[in-house]
Amino acid sequence: MIGLFVLAHASELPSISSWTVLESEPPTVKCAADGTPWCESSFQIECGLTTVEGLLSDFSRYPVTFPRVLSANVLEPDVVHIRVDMPFPLYARDYIAHFRRQKLDNGVRFWWTSVTHTEAPEREDTVRLPNAAGSWTVEQQQVGQSMVHYFWNAEIGLDIPSWALPRARRTQGQEVMYWLQDACNRSK
């Protein structure tokens with residue numbers, strides 16, 4: 001069964017007023033300047049809205065779409081236990097996400113918040129991320145093009161030194177966009 005949400009509504013995702021740019025070339029990556037662990041990456045994907053939306057809503061295929069995802073076990077229609085590989089010597093990370101879909105005027109937003117679930121116990125070889133939250137916003141551009149914004153709580157866990165966090169966050173923000181573009185290319 002599902003436990004309590006960390007964030008109950010998409011409107012509770014924080015609004016950031018000041019950013020530190022980690023990458024200015026597409027895909028762009030920026031993080032909250034005040035040190036709170038929120039980041040955003042943006043990228044124009046050469047793929048239509050319907051295709052991108054399909055990739056982001058097919059949770060069981062996340063390991064194919066996003067190669068760093070070791071597993072994505074759908075526990076309930078909108079609750080997914082996601083386990084993510086990390087570079088050696090770091091432990092894998094996992095979180096249980098409750099996803100919501102929101103229709104926008106020219107696109108769609110998938111947002112998620114952490115929950116607990118009896119079918120996803122913690123593992124000794126994995127660091128649980130209890131504050132995982134964020135959103136994917138996909139806006140239709142021209143035919144066959146979508147602007148994608150990935151906003152996420154960038155807490156990574158205790159075994160990463162603070163000096164390595166900007167690089168890890170930049171890498172995450174770029175990797176997911178490149179992988180999403182690759183998945184779109186494969187779906188054509």
Side-chain angles (χ1 to χ4, degrees), residues 2-3 5-7 10 13 27 29 37-88 90-103 107-123 125-139 146-157 168-188:
I2 295 177
F5 293 111
V6 172
L7 300 171
L13 293 174
V29 181
W38 290 94
C39 296
E40 181 180 52
S41 65
S42 300
F43 194 50
Q44 183 168 298
I45 301 285
E46 300 299 320
C47 205
L49 172 68
T50 303
T51 302
V52 177
E53 180 179 5
L55 291 166
L56 294 175
S57 63
D58 190 353
F59 306 123
S60 64
R61 292 199 41 88
Y62 271 27
V64 175
T65 303
F66 304 106
R68 197 174 294 281
V69 174
L70 295 168
S71 62
N73 298 319
V74 178
L75 305 174
E76 297 182 25
D78 56 355
V79 177
V80 185
H81 178 213
I82 298 173
R83 190 162 176 260
V84 181
D85 191 19
M86 297 293 285
F88 179 80
L90 303 174
Y91 285 116
R93 303 302 195 254
D94 79 340
Y95 56 98
I96 302 121
H98 181 243
F99 284 86
R100 300 282 185 164
R101 181 185 177 278
Q102 176 184 10
K103 179 76 173 120
V108 66
R109 176 175 295 128
F110 291 97
W111 55 275
W112 68 93
T113 55
S114 286
V115 294
T116 58
H117 199 285
T118 57
E119 293 181 39
E122 291 192 41
R123 297 171 48 144
D125 64 345
T126 303
V127 174
R128 176 69 43 98
L129 300 175
N131 299 319
S135 67
W136 288 99
T137 302
V138 185
E139 300 165 317
S146 300
M147 179 56 74
V148 179
H149 302 277
Y150 170 53
F151 182 72
W152 77 100
N153 178 316
E155 283 182 350
I156 299 176
R169 291 170 175 163
R170 182 177 58 247
T171 298
Q172 179 178 351
Q174 291 183 308
E175 281 181 341
V176 297
M177 293 300 189
Y178 291 139
W179 291 332
L180 190 55
Q181 180 64 68
D182 288 344
C184 280
N185 293 345
R186 289 191 306 270
S187 69
K188 291 180 183 178

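Here, residue 1 is the first one in the sequence, and each next residue gets the next number.
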Which distance, rounded to the nearest 0.5 Å, do you find between the CZ of Arg128 and the OH of Tyr91?
15.5 Å
With a 6.0 Å cut-off on the ring centroids, do Phe151 and Trp38 count as close?
yes
Using only atom types and a distance under 3.5 Å, with no angle test, would you say the side chain of Ser146 pairs donor to acceptor with the backbone of Leu49?
yes
Dump the intermediate steps for side-chain contact (heavy atoms from CB on, under 4.5 Å) on Val52 and Cys184, then the final yes or no.
CA-CA 7 Å; Val52 177; Cys184 280; 3.8 Å; yes
Check whether any side-chain N or O of Thr126 sits under 3.5 Å from a backbone N or O of Arg123 as a donor-acceptor pair, and report yes or no.
no
Take the angle between the ring planes of Tyr178 and Phe43 and call it parallel below 30°, perpendicular above 60°, tilted in between.
perpendicular
Tell me, do Leu56 and Val138 make a side-chain contact under 4.5 Å, heavy atoms counted?
yes
Donor-acceptor pair, distance only, cut-off 3.5 Å: does the side chain of Gln102 make one with the backbone of Trp111?
no
Please name the pair of heavy atoms, one in Met86 and one in Ala92, separated by the smallest distance, quoted to 0.1 Å.
CG-CA, 4.2 Å
Just verifying a value: how many Å separate Arg68 CZ and Asp85 CG, rounded to the nearest 0.5 Å?
6.0 Å
By side chain to side chain donor-acceptor pair (under 3.5 Å), Asp58 pairs with (sequence neighbours left out) Ser60
Check for a donor-acceptor pair, side chain of Arg100 on one end and backbone N or O of Phe110 on the other, with a separation under 3.5 Å.
no
Atom pair CG/CG of Asp125 and Asp94 - distance to nearest 0.5 Å
9.0 Å
Here the pair of heavy atoms bringing Pro67 nearest to Val64 is CD-O, 4.5 Å
Rounded to the nearest 0.5 Å, what separates atom SG in Cys39 from atom CZ in Arg169?
5.0 Å
Any side-chain heavy-atom pair of Val80 and Asn73 under 4.5 Å:
no
Any side-chain heavy atom of Leu180 within less than 4.5 Å of one from Thr65?
yes
Stepwise side-chain contact (heavy atoms from CB on, under 4.5 Å) test for Val115 and Val79
CA-CA 8 Å; Val115 294; Val79 177; 4.1 Å; yes
Any residue meeting disulfide (SG to SG under 2.5 Å) with Cys47, in chain and number order, not counting sequence neighbours:
none
When you compare the side chains of Arg83 and Ser71, does any donor N or O come within less than 3.5 Å of an acceptor on the partner?
no
No-hydrogen, no-angle side-chain donor-acceptor test under 3.5 Å, Trp152 and Glu40
no
side-chain contact (heavy atoms from CB on, under 4.5 Å) evaluation trace for Leu55 with Glu53:
CA-CA 5 Å; Leu55 291 166; Glu53 180 179 5; over 6 Å; no
Distance-only polar pair, side chains of Glu76 and His117, donor-acceptor under 3.5 Å:
yes
To the nearest 0.5 Å, what is the distance between CG on Asn153 and CG on Asn131?
6.0 Å
Where do Ile156 and Leu129 come nearest, in terms of heavy atoms and distance?
O-CD2, 3.6 Å
So Phe59 and Tyr62, would you call those rings parallel, tilted or perpendicular, with 30° and 60° as cut-offs?
perpendicular
Check whether the side chains of Thr113 and His98 place a donor and an acceptor atom closer than 3.5 Å, and report yes or no.
no
Measuring only between side-chain heavy atoms, which start at C-beta, is Val148 closer than 4.5 Å to Met177?
yes
Is the CZ atom of Arg61 crowded by more than 12 outside heavy atoms at less than 6.0 Å?
no
Working to the nearest 0.5 Å, report the span between OH of Tyr95 and CD1 of Ile82.
3.5 Å
Side-chain donor or acceptor of Ser41 paired with backbone N/O of Gly173 under 3.5 Å:
yes
Ring-plane angle category for Phe66 and Trp179, please: parallel below 30°, perpendicular beyond 60°, tilted otherwise.
perpendicular
